[in-house]
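All remarks here apply to the structure that follows.
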Amino acid sequence: MGQFSGGCYLSFFIFVLLGSQAPTTLARGQRGEALQHGQSGTLPHFLEEPVDAYIVKSNPIKLQCQARPALQIFFKCNGEWVHQSQHMSQEHTDLTTGLKIREVMINVSRQQVEDFHGPEDYWCLCVAWSHLGTSKSRKATVRIAYLRKNFEQDPQGTEVPLNGMIVLHCRPPEGVPVAEVDWLKNEENLSFDDGNIMEKKVDHNLIISEARLSDSGNYTCVASNIVAKRRSATATVIVYVNGGWSSWTDWSPCNVRCGRGVQKRSRTCTNPAPLNGGAFCEGMSVQKSTCNTVCPVDGGWGEWSEWSACSSDCERQRSRECTAPEPKHGGRLCDGVAVATENCTGGLCTQNRKLLHDAKPQGVENSSDVALYSGLAAGVVTVVLLIVAVTLYRRSQSEYGVDVIDSSALTGGFQSFSFKTSRQGVTERAEYHVMSHPQTFPRGLAPDYRGVAVGTTLGRRGKNLFSPHVSLTPRLPLHRATAVFGHAGGRLVVPNTGISLLVPHGGIAEDTTWEMYMSINQEDSSTVSDDGSEIFLSPAVTYGPPGLDLSYPIAMTIAHCAEVAADNWTIRLKRHIQDNKWEEVMSVNEESTSCYCLLEAQKCHVLLEHPGRYALVGEPLNQEAGKRLRLAVFGSPDASNSLGFTLRVYCVDDTPHAFQEVAVGERSRGGRLLEEPKMMLFKANTFSLQVSIQDVPQLLWSIKPFTTCQEFSFSQVWASNQHPLQCAFTLERYSHSSSQLSCKISIRQVTGKEQILQVYTSVVENEKGVVPFFTQSDCTITSQTGSRAFKIPLSIRQRISTTFDTANANGKDWQLLAQKLHIDRNLCYFACQESPSSVILTLWEAQHPDSGDLDSLASALEEISKVHSPKAVSLSCSKEERDSEFTKLA
């Protein structure tokens, strides 16, 4: 900056000196002007002084000062006066005091500061003059601002145990002015409101006194000043949890029934489970101990005693005891009889137990027999009359005419339904075919297991719905069951699929048997409807044979995956017909006399009279409609890499059949179920499904890049229909010493809730940490026939049907029975049945497969007995109306 010349300053000081020596006899105008400029007896006072400033890049800065009263103000920089031409000044009068205020400003450029090479920073100050003297302002320094790129110390990643201390060091880059430091966690500003987290201001260290799992993350140190902002390298902090043993389980039973064996107990490393690479529990997870079991001793018969003397009844006896040896320690009792009886006269006894040689003459004997028989006849007549009188009396005292309200009698007569063992099931099924009745249908016709070809479509009501001539494209089903049923009825089950068929007693005519079958066929939801609005909610189930003639409807149970808690669906039952199409049988929310649907949370019970292939389909009414998915994770070592391990995540419809397909496939490849399957609701909002792997110990395992998050499109998941969706994560451990794998599988629909599958397994011991899962081989029971298939004994079932099929004086009929059994919709269907109560009980049997549910039926009957004069609504259905319904469907 240019400075004043010596002549300029000399003239200025002469002006000041002459002004100070002016005569005191000034005119009044001159005196007033002098007073305005400061001859009131005060030195200049700075109202504003220059402040320190930083030059950012090439932008000059402005220094200014303001004084009162002041005749003149000049800047002095680095000890030299700034040239007057570089000053920008202005003057105004203080309205309060009437004094002149002068304000001066100069610009300082980056070049001026860089050209200065003094012992200190570039500085400037202001000098103000008045008639009484001068005043100086404070020094203001001017510096060039900058911020280096590289941090002097970057924070370093670390792994700390739970509740340990985390210390992250950060020394920001050199800069003017000194940079301020902030911390980011996972790209978000770190809050220091939590007393557990603090920052040491002096050296900018981040300190977390007690580490929590939530403190794991990526930390970044950010330095900034008026010039720029710099980011340090990211430091990954992992808070790990070392595993701890759970309590020991109880000792298992001895593994042998007799003699020396082994029993064991186990514990798991789940208290807590190791997380984020934490150490696995040290020690054994299984303890074994020898045990001795007292061997059972089966009983054996001793010697027969001598025969007794011949009695008056022409018999003699002998006995033996089960004492050679006696049964001990749970041994079996002796088989056979303990007392034997035989005729001791060689068959020479008469009918009245007298010896032949003692027989009387024929005439005498006949006369005594007449008297005897007359007395017996009179006694029988008396007993019959007494029974009739008691029956009439009980009928007059009972509202029903038959006592079916005694719950203790009902429950005492009920028998529990239990499947036979696998070996018994095979034997009995073989026995069916050997002992088939001559009227077994269809003769010479194998069960029809044909499926539907790809390209099948579903439509609405059309023609020939119940035509026996159904066009089926051959395809082998994945699951099927077959058995022969007769008049006694029975139950047919496709194992582990949630699919079953109940044939009621009397459903098949007497002296007739049918070889019935049931199979599951895969269908493609992409062909459900032309507009793609409907999807399959259940497997397609076929039962037959075609032409099956039934007196009462059968009850078929189908598992489905719809979330039916809210009215977000329109669900229909459809049947496959000709031309690879599907047509509607009924909507589950509508009234129908052709069939009946009882929709539950996970199953649908359907009453049908015509064989064919049926399925539940759904049309979402809004985006809140959802279907249930079952999520499971399986794992197995990588056959091509000794250090590799593969995790396979499945997302399937939440039905037993769909998961059965996954279980069978995984068992064949040696996969292990690593976590109990979980359920997730997938909504019709068109958002995709994301599957990601998290918390993989980075120091122990590596995973292929760009595979940590995988995604299924909405259409893939929504229309999967029992077909398993699978994604795989391939991991590799750094050394053979790493035998444990712990991580999380996160599954979520975009914008939806997250479901977590926690994986903790050993990659070395094939059986360690395995969660068992069932497959078809676990349960091969497919049929029960006769009384074993039903929980309600036939006699009690007939009594209930007889009682409720006809309304009594108080209106307690089958409608009230249906209401108490919570079957209170579409009652017109039951009104069209020959025995409404029998059909209701069939539906109840299908709805309650557990033997413990028998009490609910007894309770319902007991409640009916307490109802007084209910308002019954008469329902009727003519055969013509029912035939008309079938005609519309056909």
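This is a predicted model, so every value here is computed, not measured.
Taken to the nearest 0.5 Å, the OH atom of Y734 stands 9.0 Å off from the CG atom of L700. Annotation: the span from I535 atom CD1 to D653 atom CG amounts to 7.5 Å, rounded to 0.5 Å. Taking CG of L731 as the reference point, atom CG of L647 lies at 5.5 Å (rounded to 0.5 Å). Atom OG of S500 sits about 8.0 Å away from atom NE2 of H605, to the nearest 0.5 Å.
Side chains of C727 and F712 form a contact here, defined as non-hydrogen atoms less than 4.5 Å apart. Between H479 and H657, some side-chain heavy-atom pair lies under the 4.5 Å cut-off. Here the side chains of L492 and V503 are not in contact, with every heavy-atom distance at 4.5 Å or above. Residues C604 and L598 are not in side-chain contact: their nearest non-hydrogen atoms beyond the backbone lie 4.5 Å or more apart. Residues R572 and E534 have side chains in contact (heavy-atom distance under 4.5 Å, counting atoms from C-beta outward).
Checking S702 against E732 by side-chain atom types alone, no donor-acceptor pair falls below 3.5 Å. Using a 3.5 Å distance cut-off with no hydrogens or angles, the side chains of S587 and N589 do not pair a donor with an acceptor. Judged by distance alone, the side chains of R613 and T542 do bring a donor and an acceptor atom under 3.5 Å apart. Defined by atom type and a distance below 3.5 Å, a donor-acceptor pair is missing between the side-chain atoms of Q690 and Q749. Side chains of Q716 and S713: a donor on one and an acceptor on the other come within 3.5 Å.
A salt bridge links R648 with E666: the closest approach of a Lys/Arg side-chain nitrogen to an acidic carboxylate oxygen falls below 4.0 angstrom. Between R575 and E584 there is no salt bridge, since none of the side-chain N atoms of the basic residue sits less than 4.0 Å from a carboxylate O of the acidic one. A salt bridge links K791 with E845: the closest approach of a Lys/Arg side-chain nitrogen to an acidic carboxylate oxygen falls below 4.0 angstrom.
Residue R491 is tested with L502, L501, T785 for a side chain to side chain contact (heavy atoms under 4.5 Å, CB included); the sole match is L502.
Checked against a 6.0 Å centroid threshold, the rings of F714 and F682 count as neighbours. Ring pair Y543/Y517: centre-to-centre distance not below 6.0 Å.
Legend: residues meeting disulfide bond (SG atoms under 2.5 Å apart) with C597, ordered by chain and number and at least two apart, are absent. For S746, the side-chain contact (heavy atoms from CB on, under 4.5 Å) partners at least two apart in sequence or on another chain are S692, Q694, E754, I756.
Classification of the W718-W569 ring pair by plane angle, with boundaries at 30° and 60°, yields parallel.
Within 6.0 Å of CG on N641 lie more than 12 heavy atoms contributed by other residues, nucleotides or ligands.
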